[in-house]
Amino acid sequence: MKKYKVFAIASVFALGLTSCGDFGDTNIDPEHLNEGNVPVAMLFSNGQHQALGSDWDIWRNSCIHASQWIQHMTSIQWWEDYGRYTWSDAYSGAYWDTYSGDRGAMRDITTAYDKWKEEAGMTIDWNIARVMRVYAFSKMTDLYGDIPYSQAGRPGLYSYPEYDTQESIYKSMLTELDEAQANLGSGTAQMKSHDVYFQGDAASWKRFANSLMLRLAMRLVKVDEGTAKTYAAKALANGLITTTAQNVKLDHPGGVTTNDSAEPFAKINAHEDKEFFMSKTFIDILKESNDPRLALIATVCTNPDISVQSADYEYGNSDPAIQQGLPSGGYSNGPSSPYFIGKVDSRFDASEGNIYHDTPGDAGVHFKSRFSVPNRYTYSDPEAPTFIVTNAQTQLLLAEAALRGYISGDAATYFEAGIRAAMEQFGQFPSKGASTLVDTYLTADAVDAYVAAQKTAFVAADTEAKKEMINTQYWINSFGDEYEAFANWRRSGYPALEASPFCIGTANADGNSQSKGIPRRFRYPTSEDQINTTNYQAAVSRLSGGDRFDSRIWWDK
């Protein structure tokens, strides 16, 4: 509980940092809490928290947009038009607010970075801030492309920061990580428990830096294989996360959905929005391979609309046999809609879009009682961890790096290690219900059987099929971190997903789509064009298709 109190207080403090624009107030106001009257370590805590996302952007960027785009989840009632790639300025720009607005993740992390760089005895703290700053900026540039970087987070110096190119940002981030990990040394940072990830432990941050380095190196496989190979090898040699216990995560003990204490993805799916269901694409992939994780990823509730705050809240039925997902692509439950789901699933009654028939001629029930939602003991548990960089992801990236010849080692061995780590990760969900599901479904025999089947198929596959298997596993493990899942899908192209049938090529049934095919980035908020006009327009001029969802960022060549 102590850990949460630290960042909750820091979050409140940060909201007192009033701003005259997107990049903060240049003055020190004694009537509001800011860098002039709040310990820098507390600002850093807030930056760590906010950089992971809040319910504000996780609802908008992550669930409404990214999760539907990459077909982890879908909506057929409230948010189906975003499954057809409709653009909303406030929704597309939501994470930008976490970046540069009132939540101030970049400002607070950069403040710590700048202050500790000059302070004696703060070597570990400053190098931790370097790693954290890279993590936060990497998320931002992966979502939008070119962004303010070298001048960002310093409102006293730059009211209208320039947008750095993503290529220059990546080169800087990889250098920063390599230097930071080399200078972290050992011991504990002066900030101690204000570091809400590792309580200032230098060794943990070194592993984080190198595992993040591997992630960023592998982003470059389509655009700069030489740099990708160099830094993948460096990361491995420097020392990576090697056990599930070393996962980088933020725990939420005592988290509730009525404030910012809950895991944000869980909060959306347990309390604020009951309109997201598991995608048929996702459920089918898990079922086709007899994946034992299905029972811990999805559940079916009689009435999923009841909030976790209610005594009548359902945890649902996790039996793999009854899990089913809704089709992705922007289908609607409205019978008069040109996108009516009944056109692709005849079990939906054409006279009433909410009614679903298990078999022709039966009485029918509300569709919500038959389709899977994120499991409420794991991904919809307000006390669940926010996973940042995991051992499973790291091992799977090593598998691809080995397959490409970037590092030594056997790709199949890394592949197996990644799957096993992904199974072990469910042991880090804190609820008793999660433990029961692990004991029931992730038995040693079940895991061994699944791993054996996957490894046999992997060994027999050609190189491209191996890449598909590796990155499909990455996609599964990244559920809940939709930003990372979206980034790795664009990098790898796997799993192979079909775009909305309403937005393919020049087809666009309602004229509102901002993408021909599955989107490749988020649009900048329009406020940037109004406030930081010159720099915004320079960044847009470097996008081949302009400021659209389907314009590709630098590494997504």
Side-chain angles (χ1 to χ4, degrees), residues 11 14-15 17-24 49-70 73-75 77-107 136 139-148 152 160-161 163 257 259-260 262 264-265 267-269 271-276 330 332 482-483 486 500 503 508 510-515 518-533 535-537 539-540 543 546-551 553:
S11 182
L15 292 176
L17 289 164
T18 58
S19 65
C20 57
D22 276 355
F23 291 87
H49 182 209
Q50 296 298 332
L52 302 184
S54 66
D55 59 330
W56 171 257
D57 66 280
I58 295 298
W59 177 39
R60 293 159 176 82
N61 289 107
S62 177
C63 295
I64 289 175
H65 281 120
S67 193
Q68 292 206 81
W69 293 348
I70 60 163
M73 298 194 301
T74 192
S75 175
Q77 192 164 13
W78 284 95
W79 313 114
E80 25 82 27
D81 48 339
Y82 297 97
R84 297 189 297 274
Y85 319 140
T86 296
W87 169 71
S88 160
D89 183 30
Y91 289 7
S92 179
Y95 188 75
W96 197 277
D97 184 60
T98 297
Y99 168 74
S100 63
D102 288 339
R103 291 184 180 271
M106 297 305 174
R107 179 191 55 231
K139 289 185 69 173
M140 191 68 187
T141 187
D142 287 347
L143 290 177
Y144 295 96
D146 294 358
I147 59 169
Y160 306 101
Y163 285 55
T257 60
N259 56 40
D260 274 352
F265 183 86
K267 177 179 180 178
I268 299 304
N269 287 288
H271 177 73
E272 291 192 351
D273 199 324
K274 299 301 193 313
E275 298 304 328
F276 297 112
S332 170
E482 302 305 291
Y483 298 148
F486 178 45
S500 166
C503 300
N508 187 354
D510 60 8
N512 293 321
S513 174
Q514 288 292 314
S515 188
I518 300 174
R520 312 299 297 194
R521 64 180 287 274
F522 283 93
R523 284 185 56 175
Y524 299 120
T526 56
S527 60
E528 281 294 289
D529 190 19
Q530 298 162 359
I531 296 171
N532 195 11
T533 308
N535 294 317
Y536 161 81
Q537 290 179 351
V540 172
L543 289 166
D547 191 6
R548 290 176 52 87
F549 283 161
D550 52 12
S551 294
I553 61 177

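- Applying the side chain to side chain donor-acceptor pair (under 3.5 Å) test to R523 and every residue at least two apart in sequence or in another chain returns Q514.
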| said: Quick one, N61 with Y483, criterion side-chain contact (heavy atoms from CB on, under 4.5 Å). Give me CA distance, side-chain angles, the key distance, then yes/no. | reply: CA-CA 8 Å; N61 289 107; Y483 298 148; 3.3 Å; yes

Derivation and outcome, side-chain contact (heavy atoms from CB on, under 4.5 Å), residues R520 and I553 | CA-CA 8 Å; R520 312 299 297 194; I553 61 177; over 6 Å; no

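- Listed by chain and number, the residues in a side-chain contact (heavy atoms from CB on, under 4.5 Å) with T74 are Q68, L326, S328 (sequence neighbours excluded).
- Between K267 atom NZ and D55 atom CG the span is 3.5 Å, to the nearest 0.5 Å.
- The shortest non-hydrogen separation linking A152 to P161 is N-CB, 4.4 Å.
- Ring planes of Y144 and F522: tilted class, angle from 30 to 60°.
- Partners of L543 according to the side-chain contact (heavy atoms from CB on, under 4.5 Å) rule, which considers only residues two or more places apart in sequence or in another chain, are R521, Y524, S551.
- The aromatic ring centres of F486 and H65 sit 6.0 Å or more apart.
- Take E80 and apply the side-chain contact (heavy atoms from CB on, under 4.5 Å) test, not counting sequence neighbours, and it matches R84, S332.
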* **Residues D547, Y536; criterion side-chain contact (heavy atoms from CB on, under 4.5 Å); working and verdict** => CA-CA 10 Å; D547 191 6; Y536 161 81; 2.9 Å; yes

Begin with the C-alpha distance, continue with both residues' side-chain angles, and end with the deciding distance and a verdict on side-chain hydrogen bond (donor to acceptor under 3.5 Å, both in side chains) for D550 and Y85.
-> CA-CA 10 Å; D550 52 12; Y85 319 140; over 6 Å; no

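- Nearest approach of Y95 to A51, heavy atoms of both residues: OH-O, 2.9 Å.
- Partners of N535 by side-chain contact (heavy atoms from CB on, under 4.5 Å), not counting sequence neighbours, listed by chain and number: Y160, E162, Y163, N532.
- With hydrogens and angles ignored, the 3.5 Å screen pairs no side-chain donor or acceptor of D142 with any backbone N or O of K139.
- Formation of a donor-acceptor pair under 3.5 Å by the D57 side chain with backbone atoms of A94 is not found in this model.
- When the ring-ring contact (aromatic ring centres under 6.0 Å, His included) test is applied to F265, the partners found at least two apart in sequence or on another chain are F479.
- Between I268 atom CD1 and I58 atom CD1 the span is 8.0 Å, to the nearest 0.5 Å.
- Between I64 atom CD1 and S75 atom OG the span is 8.5 Å, to the nearest 0.5 Å.
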Legend entry - W59/Y91 under side-chain contact (heavy atoms from CB on, under 4.5 Å): CA gap, chis, key distance, verdict: CA-CA 9 Å; W59 177 39; Y91 289 7; 4.1 Å; yes

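- Closest approach of A90 and R60 over heavy atoms only: O-CD, 4.2 Å.
- Side-chain atoms of S54 never come within 3.5 Å of backbone atoms of Q50 as a donor-acceptor pair (strictly under, hydrogens ignored).
- Between C63 and N269, the shortest heavy-atom distance links the atoms SG-ND2, 4.3 Å.
- Residues C503 and S515 share a closest heavy-atom pair of CB-O, 3.7 Å.
- Ring pair W78/F276: centre-to-centre distance not below 6.0 Å.
- Side-chain contact between W69 and Y82 is absent, with no heavy-atom pair separated by less than 4.5 Å.
- In this structure, CH2 in W79 is found 9.0 Å from OG in S88, a value given to the nearest 0.5 Å.
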